[in-house]
Amino acid sequence: MTHNPLLATKLYLPQPGPNLVERSLLLERLESGLQSKLTLVSAPAGFGKTTLLAQWISQHKNRTAWLSLDKTDSDPIIFVQYLIASLRSIVPDLGREAMGSLHSDPLPVDLIFTSLVNEISKLSDGLLLVLDDYHLIVNESIHTITHFLIEHSPPQFQLIIATRVDPPFPLSKWRVRGEINEVRITDLSFNRQEIGLFLANRVDFELSDHEISVFENRTEGWVAGLQLAALSLQNCRDIPSFIRHFAGTNRHIVDYLAEEVLHRQPEDIQEFLLQTSILDQMSSELCDFLTERNNSRHILLDLENSNLFIIPLDNTRCWYRYHHLFADLLRQRLQQNFSDSVYQLHNRASRWYEKNSLIDNAIDHALAACDYDRAAVLIGNLSDSAWEFERKSMLFQWFEVLPEEQIHKRPNLCFFSAWVLIENANFVKAEQRLQKVEQMISSECEVSSRDELQGKVAAMRAFMATGQFDAHRVIDLAKKALGYLPEEASIWRASTYFSLGVGETILGDLSSAITAFSQARKTSKESQNTHLYLRSNFWLVARLKYAGQLPRAIEICQELIHIVKAKGIEKSIAGGAVRMMQGDLIYELNQLEESTQLMRDNLKIIEKGHDVAHLGWCCYGMMRVLTAQNDLTGAEEFIERVEKLKISPGLHKWVTHLTDSWRARVWLLKGEHIKVASWLAENKFNAGDQITSALHELGYLVLARYLISNNKLEDAFSLLDRLLQDQKKGGRILLMIETLLVKAQGQLKRGDLQQALKMTREAVLLAEPGGYVRVFLDEGLPVFNLLEELLKEKSIPKQFVNKLLTEFKLTIHVHTDNNTSEQLSEREMEVLRCIAAGQSNNEITKELFISMSTVKTHLRNIYSKLGVNSRTQALAKAREKGLG
């Protein structure tokens with residue numbers, strides 16, 4: 001993938017200029033502020049913020065990293081890259097894990113900066129980071145990043161922000177805590193003595209106290225105004241008249257003095273200033289190309305020596321910028337007096353940036369030049385490399401500016417604009433763009449590019465159709481795409497195989513789904529697309545689990561754990577998801593304690609990433625393990641969390657159906673049959689339905705369990721037989737095992753022990769190769785009894801059946817005298833331990849991250865199971881039973 005190189009000039013520490021006014025009080029203020037988490041230097045343009053910091057840093061003993069921000073840094077990935085690069089200028093290799101996490105989508109902000117803060121906390125020496133011109137940041141995600149860095153910074157790290165406007169942080173709270181050191185306009189404004197020193201260093205005549213007082217009153221200590229005044233005074237013949245007319249607001253003063261300064265310059269210098277004002281940063285080579293001259297180096301040095309509001313950006317004087325306010329004035333004059341040349345200048349700048357591989361800048365200037373044809377070509381050339389996901393933000397901004405007619409003129413550009421719209425959930429407009437692409441394909445493309453573009457359009461539509469769960473449309477479009485896409489379009493082919501796997505999964509054909517996801521896995525690995533590779537493996541592992549291939553699923557999961565570790569992204573959303581998946585797989589082996597711990601630990605990681613899709617899957621995993629621990633209250637709490645997530649567009653429809661079905665199963669376990677009946681009616685689950693999609697399979701299993709509990713056995717058996725037929729056809733082994741066990745319990749209820757044993761035997765034979773355990777244990781005592789009966793038979797895998805019985809006894813405390821003790825769930829044991837530690841209900845909510853109502857429910861359950869009425873009695877009975 002092609003990346004813009006990082007501009008080293010943004011990382012250079014500014015050097016204090018000559019003839020500086022010593023500002024000892026402010027320097028002391030900055031020094032004393034090292035005890036705070038943040039030093040904020042906030043004032044309008046021209047008040048010497050950067051100059052003050054440069055002066056302080058030159059005298060300061062701590063290591064200091066510097067980052068000069070500009071508008072392009074409002075892209076989160078670019079911001080993170082530059083921030084880490086600035087820190088690495090002081091501490092090489094800092095932020096390795098954080099840089100690795102940039103490959104995650106969405107960007108795991110909290111995890112990136114948690115790892116970065118952890119690394120900084122290990123440093124023995126202090127470290128300062130200055131973010132200059134922070135007011136140019138407009139992306140809320142970056143404010144979140146910076147806020148996190150401030151809140152969690154270790155003692156040896158200090159952040160300093162220089163800005164024209166206050167950032168959206170809780171400044172009042174930090175003031176109360178004493179965690180912020182502020183330098184503001186009243187601090188930065190020059191007093192009369194400082195104004196006298198400043199002007200004395202810049203004019204070769206003495207000003208009276210009255211004249212200095214006039215400058216003080218009119219400029220209010222504004223350094224930029226004083227600088228402009230000093231330049232005007234240098235060649236002024238009538239100083240009293242100048243001072244007499246030196247009046248008005250800052251804006252008017254700037255206008256007046258800018259005219260004075262500009263008009264005093266030679267015509268060729270005025271022309272140079274105006275022409276180069278369109279540049280945010282400038283070098284002599286760029287200026288030569290822009291102005292069509294060959295002496296820009298000499299001019300830039302002269303301007304710097306004349307203090308003409310030009311600021312060097314590096315130690316070698318290769319790159320410069322104008323003072324922001326001065327640049328604004330120059331651009332205003334350029335537009336007023338030479339408006340015809342503005343577009344031409346932007347166009348020349350764009351060409352220079354393109355030649356020097358700074359494509360982002362080239363596009364920005366092409367758009368500013370209204371050269372939309374050129375901008376469209378540049379964006380189109382960049383789009384292929386940007387497709388992975390890293391440049392979505394910039395592409396969206398460019399497509400917002402680019403006129404519709406330009407987008408519609410180019411099939412490839414129109415296609416990528418559709419992709420950006422899909423990423424922003426604007427599916428209607430995206431489909432319109434894809435239709436426009438199809439209209440252009442037949443007449444405007446060469447045959448080779450036409451086929452590839454047709455393949456990409458079909459691939460994009462297949463991806464959109466996965467969100468609508470239109471399985472047949474997904475499969476048809478995916479196969480069409482693969483027929484058109486060339487082998488070298490590996491990322492697109494991998495994405496298409498992924499969509500095909502989703503379509504086959506919806507239909508319930510696990511064999512075909514596994515083939516498709518395996519191909520997506522292989523192709524994405526070849527293309528070195530980590531994001532797509534991980535996503536393909538997530539879906540492949542889940543399919544293997546349901547297809548009876550649990551050992552293979554665990555093997556791939558272990559491989560993914562090694563990959564995320566090697567890439568330093570263990571604490572990212574992707575890393576958390578891999579560990580959650582590991583917890584889900586070992587749940588099937590009944591490694592319940594380890595599974596629960598893995599899920600709890602990595603749920604915290606995923607929660608920080610604010611990724612709704614992954615969070616929904618994690619909640620589903622948690623409700624399963626909590627149900628297995630007989631913590632139905634805790635399971636319902638996670639069910640409610642998914643309910644709240646349903647308003648978010650990122651929640652997968654599959655999670656919604658799984659959660660709803662599990663909630664109904666919990667109701668059955670609690671004996672709340674009225675709720676179950678209402679849910680079945682609301683979702684139109686009927687015993688005579690034909691099974692058309694695996695999506696609703698668990699819902700039909702709930703219906704079968706409900707029918708059996710209400711003695712409607714024949715209806716239940718008919719439904720279960722149709723489910724088994726469909727599951728066998730689709731290779732859904734794990735669900736076949738569960739369905740057979742449900743039917744076995746129905747047969748047992750009818751009194752047909754032989755049929756019940758037959759169903760159990762089939763389930764055991766299906767489960768034994770993969771080592772599935774939990775699916776039996778989740779059915780409870782009736783299945784335990786059937787397994788004990790089954791052990792008497794000869795033609796069964798006795799070792800596996802014995803393993804199942806052992807796991808049963810360890811899990812539900814089955815005793816040979818049929819005296820079944822009611823076991824406290826793991827969460828109830830945690831609450832009991834908190835009680836033993838003397839914690840109040842309120843303290844328990846904070847300790848276990850649960851609500852007050854949940855604490856009270858757990859207490860009621862504990863009292864009921866132990867047969868007690870108070871905390872004291874509960875502790876006594878727990879000690880008696882050896883529970884604590």
Heavy-atom check, side chain of [X] versus side chain of [Y], under 4.5 Å:
| X | Y | value |
| --- | --- | --- |
| Arg761 | Val764 | no |
| Leu592 | Arg774 | yes |
| Trp617 | Leu658 | yes |
| Leu615 | Leu603 | yes |
| Asp689 | Leu703 | no |
| Leu713 | Leu707 | no |
| Glu738 | Glu779 | yes |
| Leu735 | Leu698 | yes |

Taking all atoms of both residues into account, what is the closest heavy-atom pair of [X] and [Y], and its distance?
| X | Y | answer |
| --- | --- | --- |
| Leu560 | Leu534 | CD2-CD2, 4.0 Å |
| Lys646 | Asp660 | NZ-OD1, 3.0 Å |
| Leu741 | Val775 | CD1-O, 3.7 Å |
| Ser595 | Tyr587 | OG-CB, 3.6 Å |
| Ala553 | Val541 | CB-O, 3.7 Å |
| Leu720 | Ala704 | CD2-CB, 3.5 Å |

Run the side-chain hydrogen bond (donor to acceptor under 3.5 Å, both in side chains) check on Arg722 and Gln725 step by step: do they pass? CA-CA 5 Å; Arg722 293 199 306 280; Gln725 183 181 3; over 6 Å; no
Quick one: do [X] and [Y] make a salt bridge, cutoff under 4.0 Å?
| X | Y | answer |
| --- | --- | --- |
| Arg665 | Asp778 | no |
| Lys758 | Glu793 | no |
| Lys743 | Glu762 | no |
| Lys644 | Glu640 | no |

Carefully, step by step, assess Asn630 and Lys865 under the rule side chain to side chain contact (heavy atoms under 4.5 Å, CB included). CA-CA 12 Å; Asn630 197 32; Lys865 291 180 180 182; 3.2 Å; yes
Relative to the ring of Trp662, is the ring of Tyr620 parallel (under 30°), tilted (30 to 60°) or perpendicular (over 60°)?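 Rings of Tyr620 and Trp662: perpendicular, as their planes differ by over 60°.
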Please work out whether the ring planes of Trp539 and Phe517 are parallel, tilted or perpendicular, with thresholds of 30° and 60°.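 Answer is tilted, since the angle falls between 30° and 60°.
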Is it true that, when you exclude [X] itself, more than 12 heavy atoms of the residues, nucleotides or ligands shown sit nearer than 6.0 Å to its [atom1]?
| X | atom1 | result |
| --- | --- | --- |
| Phe685 | CZ | yes |
| Lys670 | NZ | yes |
| His673 | NE2 | yes |
| Lys749 | NZ | yes |
| Lys728 | NZ | no |

Counting only N and O atoms by type, is there a donor-acceptor contact under 3.5 Å from the side chain of [X] to the main-chain atoms of [Y]?
| X | Y | answer |
| --- | --- | --- |
| Tyr772 | Lys545 | yes |
| Arg732 | Gly508 | yes |
| Ser678 | Ile674 | no |
| Thr760 | Ala756 | yes |

Have [X] and [Y] got a donor and an acceptor in their side chains that come within less than 3.5 Å?
| X | Y | result |
| --- | --- | --- |
| Gln597 | Arg600 | no |
| Arg521 | Ser518 | no |
| Ser709 | Arg705 | no |

When you look at Thr627 and Arg624, which way does the side-chain hydrogen bond (donor to acceptor under 3.5 Å, both in side chains) test go after all the steps? CA-CA 5 Å; Thr627 303; Arg624 292 179 71 219; over 6 Å; no
Out of Glu643, Glu637, Glu636, which residue meets the salt bridge (charged side-chain N to carboxylate O under 4.0 Å, His left out) rule with Arg663?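 Of the listed residues Glu643, Glu637, Glu636, the salt bridge (charged side-chain N to carboxylate O under 4.0 Å, His left out) partner of Arg663 is Glu643.
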Residue that, paired with Glu555, satisfies side chain to side chain contact (heavy atoms under 4.5 Å, CB included) out of Arg552, Gln558, Glu559: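 Option passing the side chain to side chain contact (heavy atoms under 4.5 Å, CB included) with Glu555: Arg552.
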